[in-house]
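What follows is a short report on a single structure.
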Amino acid sequence: MNLTKQFFKYVSQNIFGLLGTSCYILADTYFISQAAGTDGVTLLNLCLPVYNFIFAVGSMVGLGAATRYAILRAQGDERCQRYFSNAIFCACVLSVPFLLVGIFAPGGLLRLMGGDAGIMALGIPYARIFLMFTPFFMCNYIVSAFVRNDGDPSLAMVATLSSSLFNVVFDYIFMFPMGLGLAGAALATAVSPIISISICSRHFFKKENSVQFVRQRPSARLLGQSCQLGISGFVGEMSSGVTTTVFNFLLLGLAGNVAVAAYGVVANFALVATAIFNGVAQGAQPLVSECYGKSDKAGARKLLILGSCTALVLAAVLYGIIFGATDALVDVFNSESSARMAQFAHMGMRLYFVGYFFAGFNIVAAGYLSATNRPVEASVTSICRGMVAIVACSLVLSRLFGMNGVWAAFPASELLTAVLTLFLLLRGKKQTA
């Protein structure tokens with residue numbers, strides 16, 4: 001199979017898998033909006049940054065370790081086998097703080113995220129349950145990344161889609177027929193990564209499997225090497241969390257809980273969009289790492305061009321759908337038919353999603369830089385888009401233009417990052433030459 005066909009095979013399967021993951025968050029939002037109205041959507045939006053942080057840690061450890069594994073395996077280095085078991089152990093250790101917060105202080109976490117007394121009373125059972133399942137969320141990232149990098153992207157896709165389908169179905173069953181309410185939504189979400197891990201584990205019993213669980217002492221050095229290449233994945237996931245947190249506080253000050261609920265609608269559809277572009281970057285990563293390990297620079301550059309063009313086409317299709325069906329998409333989560341929320345969300349969707357014309361390129365390029373062992377440049381790009389630029393743009397533009405400035409901060413920050421990313425890529429090409 002030639003490189004282009006491999007690219008579209010890996011990317012398409014990874015996009016479908018990550019779309020499944022984001023769709024179960026949409027299902028959560030829909031069912032919660034039906035059960036608890038605007039307050040329920042506000043609660044979920046306050047919890048989203050915590051989800052993002054958990055996924056970010058899992059992504060950093062999992063994608064980084066799997067990338068190291070792919071590069072070393074392509075070079076015939078047997079040390080590649082040490083990364084899988086080390087990643088699993090470290091993820092379990094890193095999940096301990098989340099477990100302790102879930103057991104002892106879920107209400108304090110919601111208060112820290114900006115929740116008032118009503119939101120805290122509504123959300124404590126929800127937050128407690130999903131925090132206590134943190135080890136499974138993190139380990140799911142690791143297992144699926146290694147299965148995909150070991151040449152089995154189809155199984156990783158099936159696992160992710162199956163877990164997402166479970167979540168959607170049992171969201172409804174737990175919340176309504178069984179009467180568990182928001183706790184039922186959290187329970188369905190919490191069990192879904194266990195389903196995914198179970199299905200992915202089939203790969204380890206196949207003849208084609210080359211991933212081994214090595215009995216060894218956990219190594220901080222291996223973790224550091226993994227995190228070097230996984231930092232772009234960490235910041236990519238964290239960018240949604242940082243954006244959501246900053247926007248929540250700005251919107252609370254501008255128009256209260258209704259504005260946060262409107263952003264909850266925008267943020268949930270943004271998760272789907274981000275999943276699409278992460279699918280392109282993560283799908284290309286094993287192939288780019290293999291080309292890099294074999295010193296095939298032309299192949300790696302070809303994959304970068306394919307990824308960037310694919311991201312641009314997907315951004316155009318995505319914005320066409322958003323622009324043409326804005327009100328219909330907003331109405332799905334507006335169970336109370338709030339005119340103010342609909343008005344805020346309408347403008348938010350149309351301004352915010354312009355940013356994906358630039359974000360798609362940034363996500364693909366950051367993945368490419370990590371996969372070709374350029375962690376510093378990948379980190380600079382990711383930190384700019386996920387932390388520095390978005391915070392600066394949102395603070396400045398909200399002061400100048402109010403709520404429209406908040407919505408416009410995302411495209412402005414992604415445009416600035418795209419200019420920086422292009423500079424780094426061109427500089428690296430000149431240095432290589």
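What's counted below: heavy atoms across the whole structure, side chains too, no hydrogens, waters or symmetry copies.
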Could you tell me whether the side chain of [X] and the main chain of [Y] form a donor-acceptor pair under 3.5 Å?
X: Ser192; Y: Thr189; value: yes
X: Thr381; Y: Ala378; value: no
X: Ser382; Y: Ser379; value: no
X: Ser394; Y: Val391; value: yes
X: Asn167; Y: Ser163; value: no
X: Thr274; Y: Leu271; value: no
X: Arg350; Y: Thr326; value: no
X: Gln228; Y: Pro375; value: no

Rounded to the nearest 0.5 Å, what's the gap from [atom1] on [X] to [atom2] on [Y]? Could you check?
X: Cys200; Y: Phe146; atom1: SG; atom2: CZ; answer: 12.5 Å
X: Gln81; Y: Gln212; atom1: CD; atom2: CD; answer: 4.0 Å
X: Leu314; Y: Ile15; atom1: CG; atom2: CD1; answer: 5.5 Å
X: Leu63; Y: Ser370; atom1: CG; atom2: OG; answer: 9.0 Å
X: Ile276; Y: Phe16; atom1: CD1; atom2: CZ; answer: 10.0 Å
X: Asn373; Y: Tyr292; atom1: CG; atom2: OH; answer: 4.0 Å

Centroid separation [X] to [Y] less than 6.0 Å:
X: Tyr51; Y: Phe130; result: yes
X: Phe269; Y: Phe333; result: yes
X: Phe84; Y: Phe204; result: yes
X: Tyr319; Y: Phe353; result: no
X: Phe410; Y: Tyr356; result: yes

Could you check if a side-chain atom of [X] sits within less than 4.5 angstrom of a side-chain atom of [Y], using non-hydrogen atoms only?
X: Arg385; Y: Ile390; result: no
X: Leu222; Y: Gln216; result: yes
X: Ile119; Y: Asp39; result: yes
X: Phe361; Y: Leu422; result: yes
X: Leu131; Y: Leu109; result: yes
X: Leu415; Y: Pro411; result: no
X: Val280; Y: Ile363; result: no
X: Leu425; Y: Leu304; result: yes

Looking at every heavy atom in both [X] and [Y], which two are closest together, and how far apart are they?
X: Leu329; Y: Met349; answer: CD1-CE, 4.0 Å
X: Met132; Y: Leu99; answer: O-CD2, 3.1 Å
X: Ile129; Y: Ala183; answer: CD1-O, 3.6 Å
X: Met403; Y: Ala259; answer: CE-CB, 4.0 Å
X: Met120; Y: Gly107; answer: CE-O, 3.6 Å
X: Ala342; Y: Val330; answer: CA-CG1, 4.0 Å

Apply salt bridge (charged side-chain N to carboxylate O under 4.0 Å, His left out) to the pair Asp152 and Lys206, showing each step before the final yes or no. CA-CA 10 Å; Asp152 205 350; Lys206 293 182 178 180; 2.9 Å; yes
side-chain contact (heavy atoms from CB on, under 4.5 Å) between Asp171 and Tyr30: does it pass, once the steps are laid out? CA-CA 10 Å; Asp171 255 344; Tyr30 174 75; over 6 Å; no
Return yes if a side-chain donor-acceptor contact under 3.5 Å exists between [X] and [Y], otherwise no.
X: Tyr69; Y: Ser226; value: no
X: Ser219; Y: Arg82; value: no
X: Ser85; Y: Arg215; value: no
X: Ser196; Y: Asn140; value: yes

Looking at Tyr10, I'd like to know if the NZ or CZ of Arg148 sits under 6.0 Å from its six-membered ring centre while staying within 45 degrees of the ring's axis.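 Here Arg148 fails the 6.0 Å and 45° test against Tyr10.
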Applying side-chain contact (heavy atoms from CB on, under 4.5 Å), run through Phe234 and Phe53 and close with a yes or a no. CA-CA 8 Å; Phe234 175 84; Phe53 189 53; 3.9 Å; yes
Show the numbers, then the answer: is there a side-chain contact (heavy atoms from CB on, under 4.5 Å) between Leu397 and Asn404? CA-CA 8 Å; Leu397 294 178; Asn404 286 344; over 6 Å; no
Lys/Arg-Asp/Glu bridge criterion (N-O < 4.0 Å) met for Asp116, Arg111: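 Arg111 and Asp116: not salt-bridged.
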Salt-bridge criterion met for Arg73 and Asp150 (N-O under 4.0 Å):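 Here Arg73 pairs with Asp150 in a salt bridge, since their nearest N and O are under 4.0 Å apart.
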Are more than 12 heavy atoms, taken from residues, nucleotides or ligands other than [X], located less than 6.0 Å from that residue's [atom1] atom?
X: Phe176; atom1: CZ; value: yes
X: Phe136; atom1: CZ; value: no
X: Phe357; atom1: CZ; value: yes

Quick one: sort the Phe247 and Tyr263 rings into parallel, tilted or perpendicular, breaks at 30° and 60°.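 If you compare the ring of Phe247 with that of Tyr263, the planes turn out tilted.
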Check step by step if side-chain contact (heavy atoms from CB on, under 4.5 Å) holds for Gln13 and Val158. CA-CA 9 Å; Gln13 291 177 343; Val158 169; over 6 Å; no
Take Thr67 and Gln285 through the test side chain to side chain donor-acceptor pair (under 3.5 Å) and record every step on the way to the result. CA-CA 8 Å; Thr67 302; Gln285 174 265 313; 3.1 Å; yes
Which residue in the set Phe133, Phe55, Phe98 passes side chain to side chain contact (heavy atoms under 4.5 Å, CB included) when paired with Met138? Phe98
